[in-house]
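Hydrogens, waters and symmetry mates play no part in the numbers below; they use all other heavy atoms, side chains included.
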Amino acid sequence: MKSNSENSIGILDKRYIIMKSLGIGGFSEVYKVKDSISNKIYAAKVFNKYTQSVEKEIKNNKIISQNINTEIPNFIKYITSSIGPLELKNGSKGSNTPETKAYIIFELATKGELLDYITITKEILDERFVKVIFIKLIKVVRYLHVLGFCHLDLKTDNIALSGEQFIIKLLDFGFSSKIKRNEDGSAQLQTEYVGTEAYAAPEVFNQIPYDGELADIFSLGVILFNLRTSFRGFEKAICYDPKEVTDKSKLLYNYIRYKKHKLYWKKLGSYIDVEQLSEQFRELYLKMVAYNPKERPTLGEIFNDDYFDDIRALNEDQLQALEQEIITEFRNREVLIKDSKK
């Protein structure tokens with residue numbers, strides 16, 4: 001039988017045995033690693049270069065980790081961070097020359113990204129499942145806001161599932177920002193324009209000073225639509241010049257901006273079955289992705305929206321039974337995900 005080191009593709013900081021790559025981003029790569037001292041399995045985010053943004057990400061994770069109540073299971077736990085040599089074996093990247101890298105060690109989300117569970121099959125999630133999942137997500141983001149941080153990169157890629165109960169875990173605080181308050185309690189406007197194009201609010205794209213909490217609400221609206229339909233709803237939340245756009249799908253958000261909602265749903269019918277979407281869902285979604293951030297609801301207003309009345313009406317036993325249904329569905333989809341990667 002081969003040893004752990006023989007099965008590995010490298011070693012990080014002479015301590016963490018690299019088992020496999022979990023994903024590559026623009027500025028980093030995430031690995032599944034085993035701590036050679038504790039024998040525990042973690043995720044290691046290894047950065048290509050040490051920059052101010054990396055320093056900020058490490059700092060944010062430390063602060064958020066220090067403030068999160070240990071009874072709240074819905075955040076990927078920060079373990080430690082440092083700088084050390086990354087040595088990859090020949091065949092993994094063609095070189096075994098150690099390079100000094102900054103890295104963060106996190107709890108490993110054992111079931112992967114929520115995005116995969118939405119897109120692995122053409123079968124959309126039961127709407128009751130969507131509501132339960134989204135209510136949990138609202139609570140997690142509200143807790144983050146109470147801590148004094150806005151996420152600014154909320155997307156289904158940054159929501160993980162973990163454990164046999166498929167617990168929702170929020171991750172990636174690289175773009176997160178501290179919420180500073182004015183004397184009247186209102187949030188001071190942000191001027192760091194970050195995020196992911198398909199989920200970021202229009203004021204962020206247009207580089208207009210913005211309220212980070214309301215930008216998060218916009219991203220949550222895109223996530224809700226993604227959960228309900230497996231489609232994002234539009235390409236980017238900015239206005240294009242129709243004369244310069246050959247792909248008319250990129251103009252979809254214009255209909256929302258100019259409140260031409262009937263046209264929006266009609267155009268969207270080319271991509272999804274619009275008839276499946278209730279009026280309650282449509283109204284909530286359109287409020288959350290409103291072009292004017294002041295028209296977006298608060299997290300409390302979303303939680304109390306009529307759309308979730310049926311879920312709030314469930315007693316504890318009924319809710320537990322529904323959550324068990326969700327777990328069963330995710331287990332079935334997990335099989336499909338594993339098969340797709342063979």
May I ask you to decide whether E107 forms a salt bridge with K40, counting only side-chain N to carboxylate O separations under 4.0 Å? no
With a cut-off of under 6.0 Å to the ring centre and 45° to the axis, is K62 in cation-pi contact with Y78? no
Do side-chain atoms of N206 reach the backbone of I208 as a donor and acceptor pair under 3.5 angstrom? no
Kindly indicate whether a cation-pi arrangement holds for R142 with F303, taking the cut-offs as under 6.0 Å to the six-membered ring centre and within 45° of the axis. yes
Tell me whether the centres of the aromatic rings in H151 and F173 are closer together than 6.0 Å. yes
State whether the side chain of E295 and the backbone N or O of N292 hold a donor-acceptor pair below 3.5 Å, judged by distance alone. no
Backbone of N48 reached by a side-chain donor or acceptor of K101 within 3.5 Å: yes
Flag, side chain of N158 to backbone of L154, donor-acceptor distance under 3.5 Å: no
So, does Y193 use its side chain to make a donor-acceptor pair with the main chain of Q207 at under 3.5 Å? yes
Find out whether the Lys NZ or Arg CZ of R257 is both under 6.0 angstrom from the six-membered ring centre of Y291 and within 45° of the ring's axis. yes
N/O donor-acceptor pair under 3.5 Å between S219 side chain and Y199 backbone: yes
Identify whether the distance between the nearest side-chain nitrogen and carboxylate oxygen of E275 and K266 falls below 4.0 Å. no
Between Y255 and Y264, does the ring centre distance come in under 6.0 Å? no
Six-ring centre of F166, K111 cation under 6.0 angstrom, axis tolerance 45°: yes
Atom pair CD1/CG of I79 and D35 - distance to nearest 0.5 Å: 10.0 Å
Please test E192 against S177 for side-chain hydrogen bond (donor to acceptor under 3.5 Å, both in side chains), starting from the C-alpha separation and ending with a verdict. CA-CA 9 Å; E192 187 175 9; S177 183; 5.1 Å; no
Between E283 (side chain) and Q280 (backbone), is there a donor-acceptor pair under 3.5 Å? no
